[in-house]
Amino acid sequence: MAQIRLTNTRTRTKEDFVPIDAGNVRLYLCGPTVYDRAHLGNARPVLVFDLLVRLLRHVYGEDAVTYVRNFTDVDDKINAEAQRRKAAGRAGTLEELIAGRSDETIGWYHKDMDALGALRPDHEPRATAYIGQMIEMTRDLIAKGHAYEAEGHVLFDVRSFPDYGKLSGRSVDDMIAGARVEVAPYKRDPMDFVLWKPSDADLPGWDSPWGRGRPGWHIECSAMSAALLGPSFDIHGGGIDLQFPHHENEIAQSCCAHPDAGFARVWLHNEMLQVEGKKMSKSLGNFFTVRDLLDRGVPGEVIRFVMLSTHYRKPMDWTEAKAHEAEAVLRRWHGLVGGIEPAASPAPAVVGALSDDLNSAGAIAALHELAAKGDGASLLASANMLGLLLPGMGSWAEAGDAAADQIAALLEARLAARQARDFATADAIRDGFAAAGVEVKDTPQGPKWSLAAGFDAARLAELAKVYGS
RNA sequence: GGUGGGUUGGCGGAGAGGUUACGCACCGGAUUGCAAAUCCGUGAAGACCGGUUCGAUUCCGGUACCCACCUCCA
């Protein structure tokens, strides 16, 4: 059995991964707030965890992993969108419009992540389905002296938890010194954060011991992870931007509510995504969603490949050049494994690289070596472990029947021209293929073709009209 | 200001205290009507300064630059 090693943010070291229960390895990933389409950056933690889950299933068994990823559907932006719809005359109560907006967004999210080859988690809890548990946990924290009520809010008392700040390496005093937030007057300490806050009449709310209100963001994940995975589990992940305050606050809540449990053993944080060397932001105009890319014809498999070609703990730069390179590699590999059955198990070099703190770039290098050796069966089985070259995934790399017929006719015309030593016509067809994105290789067994990056069906059809009699 | 991360060949991007990463591109050869593809092969790196060491790109310290978080953006 391969020994998995993971960099634990909590200890800041790479550690041997030892599950609490090897028969049930439990993971929690902070999921999206479902107010809009997932942008490209949202895909990174999903793909990192997808890779981790595939590796854990390989090592511990298909049924030995429980993967939870939540949907945050209590949020101001969802409310705002629902209120906008109501103002625009949409039918239904505000609650129904909010649920409708969430349902719609979750549907998009599933479609987009499916397109990237990401496995659905075993549980995808929605925050609104766990309000009771959140209220209960909040009540418990008050009873244990870690939270207090003030002006309809319930606040967590950070001074009651000596380890507060340990995950992110900050002291409470440092944070106060650097804080740029205005401090609500009812807070005992500027760093105290909300567990429960009152809701206006025109916003969704739930009855609680502290009046009608709604949960704070951080308590959602603490309550849902406890409900589905128990008070202690193996791995908790998310983007590095969540390390503080979200994960810090989760630890404070969960460890104070369950003092002996220890909460998550290993914390995994992925670095951020950039676009052409810059942070992706609406103001820079380089903001785009996963759906934007898919609609532009960038296959999900290509997006996945590009994401996995950078180690998860390094900032990753999305560039057009990388997408093109990935597409070319995947086309070649699809051609190499066509009609081949996968080997019984992935190559040790690939499993080894992944086991070493999810070294996906190293694993891809090992795939290149398998491809260079022409070992299609091992390449296929190994690529599958990375969620690449999976059945049905390569349809983007295949030509339709019409294109295939046109190419066949053109190849025949070119052969005839060459035999007649009409090299001008033969070369014109060849140049036409290149312009249309069809790659032709002349082998001793005759010409072989495949589609290259930027295949253009319209140009091919035009070419066929001219030469393909 | 505080905290964390990064800086590897033309580009992307890993590992390892001493031996080829890998991919793309480039160059040479084979092949070809000429090409492409393919095959074979060559070259090319470790921000800067110091320290430890027989030996460091790899460990330690410092400097510079870049990035992120500290503001419910993954």
Side-chain angles (χ1 to χ4, degrees), chain A residues 9 12 29-33 35-36 38-49 72 74-77 165 167-171 173-182 191 193-194 197 216-218 220 237-246 248-249 269-274 277-282 287 305-306 309-311 313-317 319 321-322 324-326 328-329 332 335 349 352-353 356-357 359-372 374 417-419 421-424 426-427 430-431 433-434 438-444 447-450 452:
Chain A
T9 313
R12 293 171 204 290
L29 175 66
C30 288
T33 301
Y35 65 92
D36 206 351
H39 67 249
L40 191 61
N42 291 307
R44 195 169 188 200
V46 172
L47 290 175
V48 168
F49 252 59
T72 295
V74 180
D75 178 78
D76 288 337
K77 292 184 193 116
L167 177 74
S168 49
R170 305 152 200 252
S171 76
D173 294 317
D174 286 345
M175 288 187 273
I176 293 167
R180 285 177 256 160
V181 242
E182 226 177 286
M191 285 298 116
F193 57 91
V194 168
K197 57 182 160 189
W217 175 40
H218 314 296
E220 296 177 13
I240 189 72
D241 57 331
L242 292 185
Q243 187 186 33
F244 187 89
H246 183 54
E248 196 74 69
N249 293 353
H269 289 102
N270 61 276
E271 256 294 344
M272 309 302 273
L273 177 122
Q274 298 181 309
K278 294 204 164 83
K279 176 175 171 152
M280 184 163 79
S281 73
K282 286 179 177 165
F287 182 96
F305 187 100
V306 172
S309 65
T310 299
H311 187 89
R313 281 190 299 107
K314 284 201 168 186
M316 123 120 232
D317 198 14
T319 64
K322 282 186 186 178
H324 285 134
E325 196 177 316
V329 168
R332 203 179 325 130
D356 181 13
D357 200 24
N359 183 358
S360 49
I364 287 175
L367 295 183
H368 279 297
E369 287 175 28
L370 293 173
R418 289 174 74 183
Q419 281 169 346
R421 301 196 68 78
D422 176 7
F423 295 124
D427 290 353
R430 179 217 293 161
D431 293 345
F433 272 139
V438 179
E439 217 163 62
V440 176
K441 307 171 188 177
D442 290 320
T443 73
K448 282 188 171 176
W449 59 269
S450 59

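Note that the structure is predicted; figures quoted are calculated from it, not measured. Here is how names work: the chains are called A, B, and so on, in the same order as the sequence lines, proteins then strands, and each is numbered from 1.
Under the 4.5 Å side-chain criterion, counting only non-hydrogen atoms from C-beta, A:Glu271 is in contact with A:Arg44. Using a 4.5 Å heavy-atom threshold, the side chains of A:Asp317 and A:Lys322 count as touching. A:Arg418 is listed as a side-chain neighbour of A:Asp442, based on a closest heavy-atom distance under 4.5 Å. When side chains are defined from C-beta on, A:Thr319 does not count as touching A:Glu325, because their heavy atoms never get closer than 4.5 Å. Looking only at side-chain heavy atoms (C-beta outward), A:Thr33 and A:Lys77 stay at 4.5 Å or farther from each other. Inter-residue side-chain proximity for A:Asp357 and A:His311 is flagged as met; some heavy-atom pair is nearer than 4.5 Å.
Here the closest heavy-atom approach between residue A:Leu167 and residue A:His269 is recorded as CD2-CE1, 4.3 Å.
Using atom C1' as the reference point in both B:U7 and B:A47, the two lie 6 Å apart (nearest Å). With P as the reference atom, B:U58 and B:G50 are 14 Å apart, rounded to whole Å. For the C1' atoms, the distance from B:U52 to B:C59 is 8 Å, rounded to whole Å. Here the separation of B:C54 from B:C69, taken at their C1' atoms, is 44 Å to the nearest Å. Of the C1' atoms belonging to B:U8 and B:A45, the separation is 6 Å, rounded to the nearest Å. B:U63 and B:A21: their C1' atoms are spaced 30 Å apart (whole Å). Remark: the separation of the P atoms in B:A74 and B:A68 is 16 Å, to the nearest Å. To the nearest whole angstrom, the two C1' atoms, one in B:U20 and one in B:A44, are 13 Å apart.
In this pair, A:His368 and A:Phe305 present their aromatic rings perpendicular. The plane angle is above 60°, beyond the 30 to 60° band.
Between the CZ atom of A:Phe423 and the P atom of B:U32 there is a distance of 13 Å, rounded to whole Å. If you take CG of A:Asp36 and C1' of B:C73, they are 12 Å apart, rounded to a whole angstrom. In this structure, the CG atom of A:Asp442 is 12 Å from the C1' atom of B:G33, given to the nearest Å. As a whole-Å value, the separation of A:Asp427 CG from B:U32 P is 16 Å. Atom CD in A:Gln243 sits about 15 Å away from atom P in B:C73, given to the nearest Å. Whole-Å rounding puts the A:Glu369 CD to B:C24 P distance at 12 Å. Spacing between atom CG of A:Leu242 and atom P of B:C69 amounts to 11 Å, rounded to whole angstrom units. In this entry the distance linking NE2 of A:His368 with P of B:A25 reads 11 Å, nearest Å.
Two residues, A:Ala424 and A:Val194, neighbour RNA chain B, and the one matched to the more 5' nucleotide by heavy-atom proximity is A:Ala424. Where A:Pro32 and A:Ala365 meet RNA chain B, the nucleotide closest to each residue was compared, and A:Ala365 sits on the side nearer the 5' end.
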Given pairs defined as Watson-Crick or G-U wobble with both distances under 3.5 Å, what dot-bracket annotation applies to RNA chain B, with ( ) intrastrand, [ ] crossing, | other strand and . unpaired?
-> (((((((..(((.....[...)))..((((.......)))).....(((((..]....))))))))))))....
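Atoms CG and CG, from A:Asp75 and A:Asp36 in turn, are 11.0 Å apart once rounded to the nearest 0.5 Å.
Residue A:Gly238 is classed as a sugar-phosphate contact, given heavy-atom separations below 4.0 Å to backbone atoms only. A:Asp76 comes within contact range of no nucleotide atom at all, as no heavy-atom separation falls under 4.0 Å. Residue-level contact check: A:Phe244 touches the backbone only, with heavy atoms under 4.0 Å from sugar-phosphate atoms and none from bases. If you check every strand for non-hydrogen atoms under 4.0 Å, A:Leu273 touches a base.
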Let me have a per-nucleotide readout for nucleotides 5-14 of chain B, 5' to 3', with B, S or -, counting only protein heavy atoms under 4.0 Å.
-> -SS----SSS
When you look at A:Arg430 and A:Val440, which way does the side chain to side chain contact (heavy atoms under 4.5 Å, CB included) test go after all the steps?
-> CA-CA 8 Å; A:Arg430 179 217 293 161; A:Val440 176; over 6 Å; no
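The base of B:A35 sits within donor-acceptor range of the side chain of A:Arg430, with an N or O pair under 3.5 Å.
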